[in-house]
Amino acid sequence: MSGSSLLFSSTIDQLTSTLPEPLRKPRVGIVCGSGLSTLADSLRDVVKVPYDDLEGFGNSTVEGHKSALAFGLIGPGEGIPVVAMLGRFHTYEGHKLSTVVYPIRVLAKLGVKNLLVTNASGGLNPKLAVGTIVVVQDHLALPNLTGYLNPLFGPLLSPEYPRFLPLSDAYSVRLRRLAFLAANELQLPDDALAEGVYAWVSGPTYETPAEGRFLRSIGADVVGMSTVPEAVAAREEGMEVMVLSLVTNPVIIPATYRSIKEEVKAELAGKPLDQAPLETVSHDEVLVVGKQKAEVMKNLVAKIIETIPRD
Ligand SMILES: O=P(O)(O)O[C@@H]1C[C@H](O)[C@@H](CO)O1
């Protein structure tokens with residue numbers, strides 16, 4: 001057995017020996033994005049396992065991310081067994097990509113077939129108001145394309161995996177349909193849910209105006225610092241993936257730059273120009289919007305899970 005297979009089986013053994021019977025085989029996995037750990041509040045009979053107790057897991061160091069797996073049941077009757085990652089790992093924290101996607105591979109080995117990933121993102125498309133939930137239809141992964149940060153670099157973890165994973169169907173049409181049907185059932189307003197392309201950047205810096213303009217010009221609607229590695233690993237593991245991206249702030253892309261040259265000239269001519277400073281984004285702002293939308297996100301995720309057909 002290879003080192004990684006040994007690690008996986010040790011983590012799986014740890015989990016299966018801790019969990020009561022109905023929770024051992026979760027059917028759906030949820031990844032909670034920044035400020036969205038309350039998504040797991042709709043779970044009952046919850047068993048939480050701190051990442052600290054699990055071999056191979058890192059710890060999330062980002063505010064708004066906890067560090068535990070929450071196993072529980074969702075929905076009426078006997079309920080659907082699910083597992084939520086309360087906190088994820090980002091490469092900008094210093095985690096290796098293999099660590100970032102390790103929990104996803106563990107979820108797959110526990111039997112998870114459907115993965116619902118959530119994140120906080122910056123809006124690039126001006127039509128997307130803060131608070132909109134974007135059902136991701138595709139991604140742009142600059143770190144993958146440029147060669148440094150593809151989670152599938154290296155020897156195949158299993159001979160059954162394809163060496164060249166196609167990603168034209170990365171985001172499940174079936175699950176995306178369920179998201180819009182669930183929104184309809186919950187009577188969410190039409191503009192609560194939109195569709196779009198997520199650009200993955202490594203972070204931790206937020207985008208400069210030029211970077212925001214570039215990402216918009218190449219077709220991205222929202223930008224964030226997570227999700228894509230998880231989605232790619234989940235696809236390699238054969239899971240169906242859906243991503244709900246909560247727009248927490250606009251990415252500021254001014255039509256023109258403030259000209260300091262013109263300002264100085266005007267000042268010297270005795271006619272100072274009144275220029276508003278550029279707005280900036282902060283993680284606090286991201287967390288505030290996550291909190292404001294936590295209830296809607298939670299209800300939406302629960303409704304989607306309840307409507308996923310049993311295989
Ligand atoms: O984990 P997610 O993608 O939800 O978190 C976003 C991206 C950065 O980690 C952070 C920036 O505010 O929020």
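Because the structure is a prediction, the values reported are computed rather than measured. As the structure lists them, so they are numbered: ligands from 1, and atoms in each ligand from 1. Note that the numbering runs from 1 along the sequence shown for the chain.
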**Message:** Which residues pass the side chain to side chain contact (heavy atoms under 4.5 Å, CB included) test with L156, not counting sequence neighbours?
**Reply:**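 By the side chain to side chain contact (heavy atoms under 4.5 Å, CB included) rule, L156 matches Y161, R163, E236.
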**Asked** What residues form a side chain to side chain contact (heavy atoms under 4.5 Å, CB included) with E55, not counting sequence neighbours?
**Response**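 Once residues adjacent in sequence are excluded, the partners of E55 under the side chain to side chain contact (heavy atoms under 4.5 Å, CB included) criterion are L7, S10, T11, Q14.
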**Asked** Just by modelled atom types, is the L86 backbone N or O under 3.5 Å from a matching donor or acceptor in the S37 side chain?
**Response**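 No; zero donor-acceptor contacts below 3.5 Å.
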**Message:** Among residues at least two apart in sequence or on other chains, which ones pass side-chain hydrogen bond (donor to acceptor under 3.5 Å, both in side chains) with D41?
**Reply:**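 Not a single residue meets the side-chain hydrogen bond (donor to acceptor under 3.5 Å, both in side chains) criterion with D41.
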**Message:** Between the side chains of E237 and K109, is the shortest nitrogen-to-carboxylate-oxygen separation below 4.0 Å, so that they form an ion pair?
**Reply:**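 Result for this pair is yes, salt bridge flagged.
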**Ion pair E240/K113, N-O distance below 4.0 Å** =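 A salt bridge is absent here (no side-chain N lies under 4.0 Å from a carboxylate O).
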**Request:** List, ordered by chain and residue number, the protein residues whose closest non-hydrogen atom lies under 4.0 Å from any atom of ligand 1.
**Result:**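 The 4.0 Å shell around ligand 1 contains G33, S34, H65, R88, H90, Y92, N119, A120, Y206, M225, S226, H283, V286.
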